[in-house]
Amino acid sequence: MNQLIRHYQQTAMRYIDSRHGSDGDWLTGRRQAAVRHFAELGFPHSRTEAWRYTGIEGLMRQGFELTDRFDAFPRHAVMRRFLREPTAARLVFVDGLYQADLSDTGLVGVRVGSLREAMAVGDRQVLEAVGSLSGLGDHGFEALNLAALQDGAVIRVSAGVTVQQPIELLHLAGKGATGRAMCPRHLVMLEADASANLVERYLAMDGETAYFNNLVCEITLAERASLVHQRIQQESAQAYHLCDIHLGLQGEADYQGVNAAVGGAWSRTRVHCRFAEPGANCELDGLYLAGEGQLTDFHLDLDHAVPYCDSRENFKGILHGGGKAVFDGLIQVREQAQGSNAHLSNANLMLSRRAEVDAKPQLLIHADDVQCSHGASIGQLDDQAIFYLRSRGFDEGQARRLLCQGFANEIVERFQSASLREQLSEVIGQRLEE
Amino acid sequence: MLSIKHLSASVDGKAILKGVDLEVRAGEVHAVMGPNGSGKSTLAHILAGRDGYTVTDGEVHYMGRDLLEMEIEERARQGLFLAMQYPMELPGVNNMIFMREAMNTRRKSQGKEAMDAVSFMKLVREKAKLVKLDERLLKRSVNAGFSGGEKKRNEILQMALLEPLLAILDETDSGLDIDALRSVADGVNRLRSPQRAMIVVTHYQRLLDYLEPDHVHVLAEGRIVRSGGMELARELEAKGYGWLLDEVAA
């Protein structure tokens with residue numbers, strides 16, 4: 001393992017050197033600090049509670065490289081994957097790198113662009129936001145993201161501006177991503193009373209490419225700002241996908257995030273929400289699907305550090321074949337956080353005896369005037385429900401599909417975008433035919 | 001249409017049906033009555049193909065085919081319908097889509113084209129009115145959070161859409177108030193036709209007053225112990241099942 005840490009450390013240093021002159025001193029300093037931090041942290045291992053059920057051996061064996069390579073795709077192939085609804089802005093990333101010619105960023109009252117551009121011009125305002133919520137990183141991969149930071153989206157919505165149509169972040173990975181570790185980072189800032197709708201998707205142009213998407217997302221909502229955040233992870237069947245989302249919510253801010261993880265060989269998404277001022281609300285919904293050879297992990301970390309904030313999480317998983325899932329939902333209510341409301345629920349549907357789920361909802365409550373609940377369930381399809389459907393003429397496969405889609409619907413319906421809902425229902429139907 | 005000969009069945013090794021004989025022809029309505037535990041529901045379930053029963057003897061033919069050899073969905077596609085005593089709740093499965101897909105599956109097996117969403121919507125609204133089912137329930141998940149009466153109306157609505165050849169109503173009257181009973185019975189009566197047969201399984205006479213079956217059978221201890229017309233149902237309502245069981249035993 002030490003050898004691997006040295007390998008990635010050297011790779012990161014080489015990467016920093018290769019970028020010399022295009023980052024500005026400030027960012028170069030942060031990158032170097034992140035490399036040192038990474039060397040101290042090393043890679044997560046199964047003795048760390050948060051990584052106990054999520055092995056990284058497969059990822060380590062791959063030994064992904066940090067480079068700035070990408071393969072261009074034909075324009076029409078990219079356009080086919082655009083969100084069908086009208087969008088306010090679109091940022092397209094191919095193999096982790098921003099593609100200006102495929103993107104559309106002309107918006108009044110909103111600054112939309114790429115982190116790479118900001119780095120190139122040494123935009124101090126943007127660059128200083130890097131790590132403002134994540135620090136140098138809570139684990140080795142996150143530190144590595146900062147050290148080898150390549151690109152990402154920068155979205156800043158001015159005070160009082162409402163962006164009704166979705167802002168689309170579209171990530172496409174193709175053959176050019178083969179053997180690469182991509183380190184994108186998205187910075188989203190909504191100023192006071194601003195509101196926006198963000199659609200973020202990770203799609204594969206080639207179903208079998210092996211790559212590692214190691215991303216970080218930092219989202220700050222100022223007073224009374226509200227963000228709807230719709231995310232779908234549908235990476236290639238051989239891909240590794242690691243995502244750390246940090247939310248910083250100021251007074252009365254409102255965040256509504258809905259996540260679906262249906263792709264990748266190995267994927268882990270952590271949402272860390274820190275309530276910085278009273279009156280904020282955070283809602284997280286999620287759906288995960290894991291089949292043969294797949295591991296899907298969701299870690300939620302809700303930190304009620306101030307009074308009168310609300311959080312609600314509802315995650316559902318469907319496991320089939322030899323699929324494996326990890327769900328860890330932690331709600332922490334600190335001593336001073338009186339009047340907190342926090343509710344967490346996790347339900348898992350097991351379609352096979354070989355499937356596995358490790359579900360761990362946790363409440364750590366240090367205040368007394370709070371309303372908190374949590375629950376996790378693991379179940380199978382109901383034979384009586386299957387009989388009922390068959391007695392109406394559905395064959396067993398149709399019956400099982402209908403029931404699974406029914407199970408998932410509660411989450412699918414949380415997606416505001418009709419085309420995303422359709423996309424997901426289709427994926428669920430296809431996957432259960434396997 | 002349906003011919004049951006000496007049907008015997010057990011659950012977990014316990015004999016429930018002990019030689020049931022029943023002939024049902026197109027256009028007929030048969031009532032199967034009997035005390036609790038007599039095997040009424042077992043008979044209905046075996047006809048629909050529910051798991052958990054072992055047929056130990058006898059045979060059942062439906063439309064000339066060996067019914068017991070047919071898969072559950074094949075029976076449904078060939079026009080057999082069971083209105084259940086306890087309809088299942090299917091959370092997340094939209095009632096309208098469920099009914100449309102069920103109907104189109106049935107149409108396909110009849111060699112008919114699938115019905116488009118707009119025509120279906122019109123049809124289902126019309127039929128929902130007939131069984132007095134609140135239209136809003138069509139947009140909800142199948143039976144989820146429905147009252148007992150709403151679930152039964154939803155069953156009869158499915159029956160109206162699927163237009164079965166043989167409808168089996170398993171204690172459709174249980175748990176219904178008098179208004180719900182009447183509208184469910186009205187819905188069933190509208191579906192009577194010379195091509196369609198019905199088997200109405202019930203404990204009480206109430207529903208039969210509205211349906212006026214052609215034949216009434218009493219199932220007791222796993223066998224049909226007496227058959228007759230409506231007068232038999234009235235006699236049972238007046239005197240209970242005890243006298244009949246005593247008479248049979250004697």
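Chain letters run A, B, ... following the sequence lines, proteins first and then strands; every chain starts at 1. All of these numbers come straight from a predicted model, not from anything done at the bench.
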- Paired with A:Ser391, the side-chain contact (heavy atoms from CB on, under 4.5 Å) test is passed by just one of B:Met84, B:Arg75, B:Met88, B:Glu73, namely B:Met84
- Take atom NZ of A:Lys360 as the centre, draw a 6.0 Å sphere, and report whether it contains more than 12 heavy atoms from other residues, nucleotides or ligands. yes
- Per-residue tally against chain A (heavy atom, under 4.5 Å) across B:Val142, B:Leu82, B:Asn94 peaks at B:Leu82
- Counting heavy atoms not belonging to B:Asp12, are there more than 12 under 6.0 Å from its CG? no
- Message: Give the interface residues of residues 382-389 of chain A toward chain B, defined by a heavy-atom separation under 4.5 Å.
- Response: A:Asp382, A:Gln384, A:Ala385, A:Phe387, A:Tyr388, A:Leu389
- Query: Which of residues 148-170 of chain B have a heavy atom under 4.5 Å from any heavy atom of chain A?
  - Reply: B:Glu155, B:Gln158, B:Leu162
- Bottom line for B:Asn104: the part with an atom under 4.5 Å from chain A's heavy atoms is neither
- Contact winner vs chain A - B:Arg50, B:Glu101, B:Arg77, heavy-atom pairs under 4.5 Å: B:Arg50
- Item | Heavy-atom pair with the smallest gap, counting every atom of B:Ala83 and A:Arg392 | CA-NH2, 4.4 Å
- Value for CD (B:Glu71) from CD (A:Glu396), rounded to nearest 0.5 Å, stands at 8.5 Å
- Item | Interface moiety of B:Tyr86 toward chain A, non-hydrogen atoms closer than 4.5 Å | neither
- For B:Leu90 and A:Leu403 the tightest heavy-atom approach is CD2-CD2, 3.8 Å
- Message: With a strict 4.5 Å heavy-atom criterion, list every residue of residues 411-426 of chain A that contacts chain B, or say none.
- Response: none
- Query: At a heavy-atom separation under 4.5 Å, does B:Glu74 approach chain A through its side chain, its backbone, both, or neither?
  - Reply: neither
- Item | Proximal component of A:Phe394, with respect to chain B [non-hydrogen, under 4.5 Å] | both
- Message: At a 4.5 Å cut-off on heavy atoms, which part of B:Arg106 comes close to chain A: side chain, backbone, both, or neither?
- Response: neither
- Got more than 12 heavy atoms from elsewhere within 6.0 Å of CD, A:Gln371? no
- Partners of B:Asp51 by side-chain contact (heavy atoms from CB on, under 4.5 Å), sequence neighbours excluded? none
